[in-house]
Every structure is written in C-alpha cells, then in structure tokens.
K.L.:
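After the structure tokens below, expect a handful of questions from me.
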Amino acid sequence: MLDLQFICDHRDEVAENCRLRGVTADIDAVVQLREDRNGLIARADELRHRQKEVSAAIPKASADERPGLIEQGRELRAEVTAADEKLRGIEERLREEQSRIPNMTHPDVPVGGEDDASEIRTWGERPQFSFQPRDHVDIAAHLDLIDFEAGARVTGSGFYFLKNDAVLLEMALVQFALTKLRSEGFTLFTTPDLARDSVLEGIGFSPRGNETQIYSVAETDLSLVATAEITLGGIQKDQVLNESELPLRYAGLSHCFRTEAGAAGRATRGIYRVHQFTKVEMFAYTTPDPALSNAVHADILRIEEEIFQALKIPYRVIDTATGDLGGPAYRKFDIEAWMPGRGEAGEYGEVTSASNCTDYQARRLNIRCRNPDRKGTQFAHTLNGTAISCARALVALLENNQQEDGSVVVPEVLRPWVGRDVLTAG
RNA sequence: GGAGAGAUGACAGAGUGGCCGAUUGUGCAGCACUGGAAAUGCUGUGUCCGGGUAACCGGACCGGGGGUUCGAAUCCCCCUCUCUCCGCCA
C-alpha cells in the first residue's frame with residue numbers, strides 16, 4: 001500500500017507508474033474518497049467534541065437543567081454514530097482503491113513485460129554434452145527419484161513424492177542453504193505453513209477470490225502459505241522496531257502451496273511448476289532509507305548467487321521489468337538457472353527472486369521503526385529473496401549434472417549430506 | 001476438550017460509571033547539586049487520525065469487536081491470547 005498523502009501529492013506519477021506496471025487503478029477515486037473522508041472526520045470530531053462538553057456539564061448542572069442536557073447529549077450521540085457509520089463505509093472503499101495501487105518503481109527497472117527484463121550478468125559455463133541431454137523427468141525416472149503417479153493418486157495433479165536419493169538431495173539443499181545463511185548472520189526459523197488472511201493480504205497476496213494463487217482453509221481465516229515471506233513478514237506485524245536493531249535478517253524454511261490458477265498448460269511437465277514445494281526464504285527488515293534497503297537488496301542477491309555458484313549451476317541475473325513486478329516490489333532481481341532439459345536445446349528457468357518492497361508491505365502490516373533521536377515512527381522497509389527453492393533447484397541440478405549413462409553427479413557442497421558422489425540407478 | 005485466573009503506557013503495577021490519556025514506582029532524557037561521578041531534587045517522557053507554516057487545537061486509543069449510558073479502562077455480550085490445574089496426545 002502506498003501512502004495516501006503521497007498518492008494525492010503525486011497523482012500523475014502514480015498514474016504513470018500504474019500504466020507502466022499494467023495495473024488498473026482509479027487514482028481520482030482515491031483522491032475524492034480521501035477528501036470525503038477528511039470532511040467526515042472533521043464533522044464527526046466536532047460532534048464528538050460537543051457531546052463531550054454536554055456530558056461534562058451534566059454533573060455540574062442543576063436538577064432543572066439536567067433533562068434538557070441529557071436529551072441534547074442523546075441527540076448528539078445519534079449524530080456521532082451516524083457520521084461514524086458513513087465514515088467507515090468511505091474508509092473501506094478508500095482502502096480497497098488504495099490497495100489496488102502498486103508500489104512505485106526503481107528508476108533503473110526496465111519498462112515492459114516478461115521479455116523486457118534486462119540481463120544484468122551471467123555466470124558459469126553451460127555444460128557441453130556429448131549426448132542428447134534428458135530433462136529432469138527422464139533423469140528422475142531412470143534413478144527412481146520422483147513418483148508423480150502416486151502424487152496424483154493421493155493428492156492430485158501437481159503433487160509428487162520425492163523418493164530415495166531425491167529426498168536426501170532436498171534435505172541437503174535445505175541444510176546447505178541454512179548453514180550458509182547462519183554464517184551470514186541470519187536468524188533461522190522454521191515457520192508455520194498456515195497464516196491468517198490478514199497477514200497474507202499485508203504481504204500482498206489475495207487469499208480468496210477467483211484468481212487466487214492461495215489455498216484457503218474453509219470456515220477459518222487461515223490459508224496455506226505460498227512462501228515463508230508471508231510468515232517471516234508477519235513476525236513483526238503491528239510491532240515498533242528499534243532502529244538500532246535493524247536490519248533484521250531472517251531465514252525461514254517452509255512448505256509453499258500454490259494453486260497455479262491460470263497457469264494450466266504452462267510447463268506442467270515435471271516439478272518445475274507444482275502445487276507444493278519446500279523453500280528456504282530470506283527476509284529482511286531495514287530502516288526506511290532507500291540507500292540502505294537497496295544495499296540489503298544487493299546483499300540478498302549476492303547470497304543467492306553464491307548459493308548457485310557453490311552448486312556450480314550456470315545462471316543469469318535479470319532485472320525484472322515493470323509489468324512483471326507484481327504489487328509490492330519496488331525492484332526485483334531474479335536468478336534464472338540454466339536448465340539443459342527445457343525446450344529444444346535448454347532454456348533458463350527462474351529459480352530465485354529477490355525483492356525490495358520498500359515500505360509497501362510494512363504500511364499494510366503496520367510495521368514501524370523508531371529512532372530515539374527523532375520524534376514519531378516510520379514504516380520499515382521489507383525485502384525478501386529465495387535462498388533455495390527445492391523443486392526448481394532440483395530441476396537445474398539434475399539436468400546440469402547428468403551424465404551419458406543416466407547417472408547424476410552430486411555437487412561437492414551437498415555430498416556431506418547426501419553421502420555419495422554420484423547418483424546411479426539401482 | 002473441561003475448570004479457573006488474567007490482558008492497562010518501555011517495564012512493573014493502581015484504578016469498579018463523570019475530577020482518568022490514566023496514581024505510583026522503575027527506566028529513559030534534560031536541568032540543578034558535584035572537581036567529576038554516585039546519591040538526591042526538579043522537569044519532561046506514547047501512538048494514530050484531522051486541521052494549522054508553526055506554537056498549538058480537536059478527536060481516537062487501557063487485548064480485539066459489539067452493546068448499555070448524556071457520559072465507560074470501569075457495567076453487559078462475543079472473540080482472541082497468556083497463565084494455572086485436569087484430561088488427551090506426536
């Protein structure tokens with residue numbers, strides 16, 4: 001959510017930003033609703049003030065005066081109630097309109113859609129195969145690593161059982177990421193896999209409705225989380241943070257659940273796009289200083305890259321274009337890993353995402369910070385990034401490390417947890 | 001799941017219908033005292049909304065939401081959370 005004052009003071013900029021991001025939002029309605037709201041607040045406050053005066057006069061009034069004053073107070077109370085009700089309606093509509101407006105955008109972000117992202121750099125050598133590389137589904141079948149049929153039978157299409165070495169491989173990825181993050185000074189968490197809808201909304205997800213990406217639990221205000229960004233961001237909901245303890249850097253392990261509504265037919269083969277996966281997520285709270293949150297953003301990206309470098313998986317980093325940022329992100333860097341089994345001769349596939357959401361999430365979650373030298377509080381900045389998203393990391397790992405005989409070389413950094421150098425059939 | 005107790009400012013802890021945005025203590029900040037400090041004394045010390053260049057003014061907030069009343073931290077109802085005991089359980 002953007003600041004109301006900011007929206008009204010920068011109407012043209014906000015409208016242009018909506019256009020670049022491909023979002024329809026009614027700025028004029030927001031401005032109008034705000035004016036209506038302010039007028040009503042003034043009126044209601046005035047009525048309340050008069051009512052307080054009347055009430056205060058009653059204990060001191062003579063017996064003759066009392067009935068009249070009580071009647072006057074009764075009438076004022078009715079007017080206050082009416083004004084409050086009207087105000088509540090306006091505020092609800094205002095909040096609704098205001099919530100549709102996406103975050104502002106970093107000036108360096110390229111304009112456009114998915115294909116307009118700018119490539120910042122590439123890393124690593126793509127593997128040269130002397131044979132026709134298989135995709136991860138074929139590799140996994142040969143090594144008996146994933147049971148899709150059982151997943152479909154037990155839960156449905158888009159669910160899967162990891163088996164045998166894949167289980168150890170996933171645990172190894174998690175262990176590796178958590179170990180790395182601890183050494184970087186992150187506080188480690190395992191998180192709830194469910195969260196209140198209010199937290200989901202604060203982070204920027206829509207838990208209910210047709211287009212939702214979220215599984216919600218019937219008859220409760222709970223939903224399965226789509227990422228630990230939700231729960232890690234919820235940790236400080238309604239809190240006032242002391243600036244001296246910022247930045248807070250959290251890492252959380254969770255399952256992630258996504259309905260993938262509207263994604264039917266898109267890369268449905270294998271575990272690239274699934275309804276449930278395991279992920280280690282980074283989350284940071286900083287002071288609302290753009291230089292600082294941008295620096296933390298760069299640092300999160302650095303850690304993401306170091307993880308893929310350690311796994312020796314070639315990748316490129318992209319600066320996501322305006323139309324692909326979603327609502328909360330001010331800027332978003334994605335790592336796309338090289339996946340030799342995708343498409344005709346290999347393609348890049350998104351494996352991580354790092355966003356600076358500035359104060360957009362903090363405003364809705366009411367996460368503020370205080371500096372003892374300054375009066376009042378400010379909304380914090382929040383950032384998030386993927387340390388390791390297991391399903392997609394497995395795709396990249398299996399496809400890049402495959403050998404002609406169908407075996408897969410285990411990256412050195414994972415061997416302590418997997419317990420072997422090469423995965424072979426049988 | 002059952003029974004009971006509780007939720008008040010940074011913390012502790014008063015407050016059972018108007019004099020309470022809230023006693024007091026601790027903490028914190030400033031000032032005084034001091035060679036300096038401790039101790040002591042004095043003063044100050046929340047957030048949010050609206051108006052105002054500002055000083056300031058008005059309003060809201062005593063876990064959350066409803067209600068009673070001219071008037072609610074205080075009375076009533078619902079919910080949430082915490083603690084204690086019992087039951088159950090990985």
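Quick note: numbers below take in every heavy atom, side chains included, and nothing from hydrogens, waters or symmetry partners. Here is how names work: the chains are called A, B, and so on, in the same order as the sequence lines, proteins then strands, and each is numbered from 1.
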K.L.:
If you only use heavy atoms from C-beta on, which nucleotide in B:rG18, B:rG66, B:rC49 is closest to the side chain of A:Ile58?
P.N.:
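Nucleotide nearest to A:Ile58's side chain: B:rG18.
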
K.L.:
For B:rC88 versus B:rA14, give the span between their C1' atoms, rounded off to a whole number of Å.
P.N.:
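So the two C1' atoms sit 40 Å from each other.
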
K.L.:
May I ask you to check if A:Arg392 and A:Phe277 form a cation-pi contact, with NZ or CZ under 6.0 angstrom from the six-membered ring centre and within 45° of the axis?
P.N.:
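Judged by the rule, A:Arg392 and A:Phe277 form no cation-pi pair.
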
K.L.:
Verify whether one side chain among A:Arg34 and A:Gln5 offers a donor that lies under 3.5 Å from an acceptor in the other.
P.N.:
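Yes, a side-chain donor-acceptor pair sits under 3.5 Å.
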
K.L.:
Roughly how many Å is it from CG in A:Asp84 to P in B:rG50, rounded to a whole number?
P.N.:
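It works out to 15 Å between those atoms.
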
K.L.:
Counting only side-chain heavy atoms from C-beta out, which of B:rG50, B:rG18, B:rU69 sits nearest to A:Arg77?
P.N.:
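Shortest atom-to-atom distance from the side chain points to B:rU69.
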
K.L.:
Report yes if at least one side-chain N or O of A:Lys60 is closer than 4.0 Å to OP1 or OP2 of B:rC70; otherwise report no.
P.N.:
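No, because none of the side-chain N or O atoms of A:Lys60 sits under 4.0 Å from OP1 or OP2 of B:rC70.
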
K.L.:
Roughly how many Å apart are B:rU26 and B:rU40, using the P atom of each and rounding to a whole number?
P.N.:
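So the two P atoms sit 8 Å from each other.
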
K.L.:
Please report the interatomic distance CG(A:Leu200) to OG(A:Ser223), rounded to the nearest 0.5 Å.
P.N.:
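One gets 4.5 Å once the value is rounded to the nearest 0.5 Å.
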
K.L.:
With rounding to the closest Å, how many angstrom separate the C1' atoms on B:rC83 and B:rA29?
P.N.:
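35 Å, rounded to whole Å.
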
K.L.:
Please tell me which of the listed nucleotides, B:rU47, B:rC70, B:rG66, lies nearest to the side chain of A:Ile70?
P.N.:
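Among B:rU47, B:rC70, B:rG66, the one nearest the side chain of A:Ile70 is B:rC70.
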
K.L.:
So if I take every side-chain heavy atom of A:His49 and compare against B:rU47, B:rG59, B:rG50, which nucleotide ends up nearest?
P.N.:
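Given the options B:rU47, B:rG59, B:rG50, the side chain of A:His49 is closest to B:rG59.
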
K.L.:
Should B:rU69 form a Watson-Crick or G-U wobble pair with both distances under 3.5 Å, which nucleotide is its partner?
P.N.:
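None - no nucleotide pairs with B:rU69, as no candidate has both distances under 3.5 Å.
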
K.L.:
Would you mind pulling out the nucleotide paired to B:rU84, Watson-Crick or G-U wobble, both distances under 3.5 Å?
P.N.:
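B:rA3 - that is the nucleotide pairing with B:rU84, both distances being under 3.5 Å.
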
K.L.:
By the 4.0 Å heavy-atom rule, please label A:Glu75 as base, sugar-phosphate, or nothing.
P.N.:
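A:Glu75: no heavy atom of the nucleic acid under 4.0 Å.
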
K.L.:
In whole Å, what separates the P atom of B:rG67 from that of B:rC61?
P.N.:
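Rounded to whole Å, the distance is 14 Å.
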
K.L.:
With nearest nucleotide decided by heavy atoms, which residue, A:Asn38 or A:Asp45, maps closer to the 5′ end of RNA chain B?
P.N.:
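Its nucleotide being nearer the 5' end, the pick is A:Asn38.
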
K.L.:
Any idea which of B:rC70, B:rG50, B:rG59 is nearest the A:Arg37 side chain?
P.N.:
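For A:Arg37, the side-chain atoms sit closest to B:rG50.
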
K.L.:
Consider only side-chain N and O atoms of A:Asp359 and A:His381, and report whether a donor and an acceptor are under 3.5 Å apart.
P.N.:
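Not at all, the side chains of A:Asp359 and A:His381 share no donor-acceptor pair under 3.5 Å.
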
K.L.:
Provide the Watson-Crick or G-U wobble partner of B:rA39, both distances under 3.5 Å; none if there is no partner.
P.N.:
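Paired with B:rA39, as far as the under-3.5 Å criterion goes, is no nucleotide at all.
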
K.L.:
Say you pick atom C1' in B:rU8 and the same atom in B:rG13; how far apart are they, in whole Å?
P.N.:
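Looking at atom C1' only, B:rU8 and B:rG13 are 9 Å apart.
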
K.L.:
Give the nucleotide from the list B:rG50, B:rA60, B:rC48 with an atom nearest to the side chain of A:Thr377.
P.N.:
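Within the option list, the nearest is B:rC48.
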
K.L.:
Roughly how far apart, to the nearest Å, are B:rU74 and B:rC19 at atom C1'?
P.N.:
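Here B:rU74 and B:rC19 have their C1' atoms 15 Å from each other.
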
K.L.:
Nearest heavy atom decides the nucleotide; on that basis, is A:Arg196 or A:Leu4 closer to the 5' end of RNA chain B?
P.N.:
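On the 5' side of the pair lies A:Leu4.
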
K.L.:
Can you say whether the rings of A:Tyr215 and A:Phe159 are parallel (under 30°), tilted (30 to 60°) or perpendicular (over 60°)?
P.N.:
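A:Tyr215 and A:Phe159: tilted rings.
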
K.L.:
Using the C1' atom on both, measure B:rA12 against B:rA60 and round to a whole Å.
P.N.:
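Between the two C1' atoms, the distance is 26 Å.
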
K.L.:
With heavy atoms under 4.0 Å as the rule, sort A:Arg363 into base, sugar-phosphate or nothing.
P.N.:
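No contact.
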
K.L.:
Can you classify the ring geometry of A:Phe148 versus A:Tyr160 as parallel (below 30°), tilted (30 to 60°) or perpendicular (above 60°)?
P.N.:
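Geometry flag for A:Tyr160 against A:Phe148: tilted rings.
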
K.L.:
In whole Å, what separates the P atom of B:rC89 from that of B:rA5?
P.N.:
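The answer is 28 Å between these two P atoms.
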
K.L.:
By the 4.0 Å heavy-atom rule, please label A:Arg368 as base, sugar-phosphate, or nothing.
P.N.:
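The residue A:Arg368 makes sugar-phosphate contact but no base contact.
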
